[in-house]
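The analysis underlying the following values was restricted to heavy atoms, covering all of them including side chains, and did not include hydrogens, waters or symmetry mates.
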Amino acid sequence: MRLVLRPRLPALWRACATGLMVGAVLGSLHRWLRGEPFLWPEATLMMAVTGGLVLVTYALMPARADENGVEAFDPIGRRRHLPWAGITSVELRPWWAMWGAQALCFGTADGRRRWLPRDTRGLDGLHALVLRAAGPQHPLTRALEPPLHRL
């Protein structure tokens, strides 16, 4: 059984809109510092671009999990396979890639970190899968115990 874990759309919207707005304001500020007039970013264009980014991210970047492990995200947002045995700890932390939104941070045996957004749909299915595949003492099983995956 392969489980597809997609982020909730409001969380993606929040991350994309914030990032795009910060970039647009910094770009306008840079133009102003070069002596050009300061112009606020065009809101309609920003909303259209943000909507496109949200839908593309939602469609093309889901995490996946199966009996062998989970595909979690590395610090720059690339999906990487992580076997269940490779997860040594799980913490709930702010994730810079989602503008400080909470994420499950997986500590690995090699010292690297992998991330799964807290605002992911299907955490109850992930909990059942990890419980079945890795057992009740696995760090992710314990981290996903209710009520976390029901929120």
Side-chain angles (χ1 to χ4, degrees), residues 1-28 40-151:
M1 174 181 134
R2 190 162 182 100
L3 185 64
V4 176
L5 304 164
R6 294 191 188 278
R8 291 185 173 98
L9 285 173
L12 276 178
W13 178 263
R14 188 172 54 245
C16 289
T18 305
L20 195 58
M21 182 56 83
V22 167
V25 169
L26 288 176
S28 293
W40 282 101
E42 183 65 40
T44 307
L45 177 62
M46 299 264 313
M47 297 299 266
V49 170
T50 301
L53 284 173
V54 165
L55 294 176
V56 166
T57 302
Y58 182 81
L60 299 179
M61 290 191 61
R64 293 181 178 89
D66 58 23
E67 285 76 16
N68 299 318
V70 63
E71 286 180 356
F73 298 96
D74 68 7
I76 61 171
R78 296 176 300 184
R79 272 193 326 238
R80 297 288 182 233
H81 180 75
L82 185 58
W84 299 125
I87 298 174
T88 58
S89 65
V90 179
E91 299 175 80
L92 195 60
R93 302 171 117 183
W95 188 24
W96 72 270
M98 291 289 282
W99 293 91
Q102 294 286 311
L104 294 168
C105 177
F106 305 140
T108 63
D110 60 3
R112 295 185 178 168
R113 299 267 183 223
R114 299 291 185 258
W115 301 85
L116 185 66
R118 167 67 188 89
D119 286 322
T120 297
R121 295 182 315 153
L123 289 181
D124 54 343
L126 180 61
H127 178 255
L129 178 63
V130 178
L131 182 62
R132 188 174 59 249
Q137 297 305 317
H138 192 274
L140 186 55
T141 303
R142 289 185 292 161
L144 289 175
E145 301 235 328
L148 178 68
H149 71 266
R150 292 189 183 174
L151 294 176

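Partners of Arg121 under the side chain to side chain donor-acceptor pair (under 3.5 Å) rule, at least two apart in sequence or in another chain, are Tyr58. Listed by chain and number, the residues in a side chain to side chain donor-acceptor pair (under 3.5 Å) with Thr108 are Asp110 (sequence neighbours excluded).
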Name each donor-acceptor pair under 3.5 Å that joins a side chain in residues 70-79 to protein atoms two or more places apart or in another chain, with its distance.
{"unit_1": "Glu71", "atom_1": "OE1", "unit_2": "Arg79", "atom_2": "NE", "d": "3.1"}
{"unit_1": "Glu71", "atom_1": "OE2", "unit_2": "Arg2", "atom_2": "NH2", "d": "3.3"}
{"unit_1": "Asp74", "atom_1": "OD1", "unit_2": "Ile76", "atom_2": "N", "d": "3.1"}
{"unit_1": "Asp74", "atom_1": "OD1", "unit_2": "Gly77", "atom_2": "N", "d": "3.1"}
{"unit_1": "Asp74", "atom_1": "OD1", "unit_2": "Arg78", "atom_2": "N", "d": "2.9"}
{"unit_1": "Asp74", "atom_1": "OD2", "unit_2": "Arg78", "atom_2": "NE", "d": "2.9"}
{"unit_1": "Asp74", "atom_1": "OD2", "unit_2": "Arg78", "atom_2": "NH2", "d": "2.8"}
{"unit_1": "Arg79", "atom_1": "NH1", "unit_2": "Pro62", "atom_2": "O", "d": "2.8"}

What side-chain donor-acceptor pairs closer than 3.5 Å can you find for residues 130-138, not counting sequence neighbours?
{"unit_1": "His138", "atom_1": "ND1", "unit_2": "Leu140", "atom_2": "N", "d": "3.0"}
{"unit_1": "His138", "atom_1": "NE2", "unit_2": "Trp84", "atom_2": "O", "d": "2.7"}

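Counting all heavy atoms, side chain and backbone alike, Pro139 lies closest to Ser89 at CB-CA, 4.0 Å.
For the atom pair Glu91 CD and Cys105 SG, the distance stands at 6.0 Å (nearest 0.5 Å).
Looking at Glu145 and Thr141, their side chains come closer than 4.5 Å, going by heavy atoms from C-beta outward. Residues Arg64 and Leu5 fail the side-chain proximity criterion, which asks for heavy atoms closer than 4.5 Å. Leu3 is not listed as a side-chain neighbour of Asp66, based on a closest heavy-atom distance of 4.5 Å or more. Side-chain atoms of Leu82 and Phe106, non-hydrogen and from C-beta on, do get closer than 4.5 Å to each other. Leu144 has its side chain out of reach of Val90: every pair of non-hydrogen atoms, C-beta onward, lies at least 4.5 Å apart. Residues Arg118 and Leu123 meet the side-chain proximity criterion, which asks for heavy atoms closer than 4.5 Å.
The salt bridge (charged side-chain N to carboxylate O under 4.0 Å, His left out) analysis of residues 47-57, with sequence neighbours excluded, yields no pairs.
The number of heavy atoms from other shown groups lying within 6.0 Å of CZ (Arg112) does not exceed 12.
Formation of a donor-acceptor pair under 3.5 Å by the Thr120 side chain with backbone atoms of Arg6 is not found in this model.
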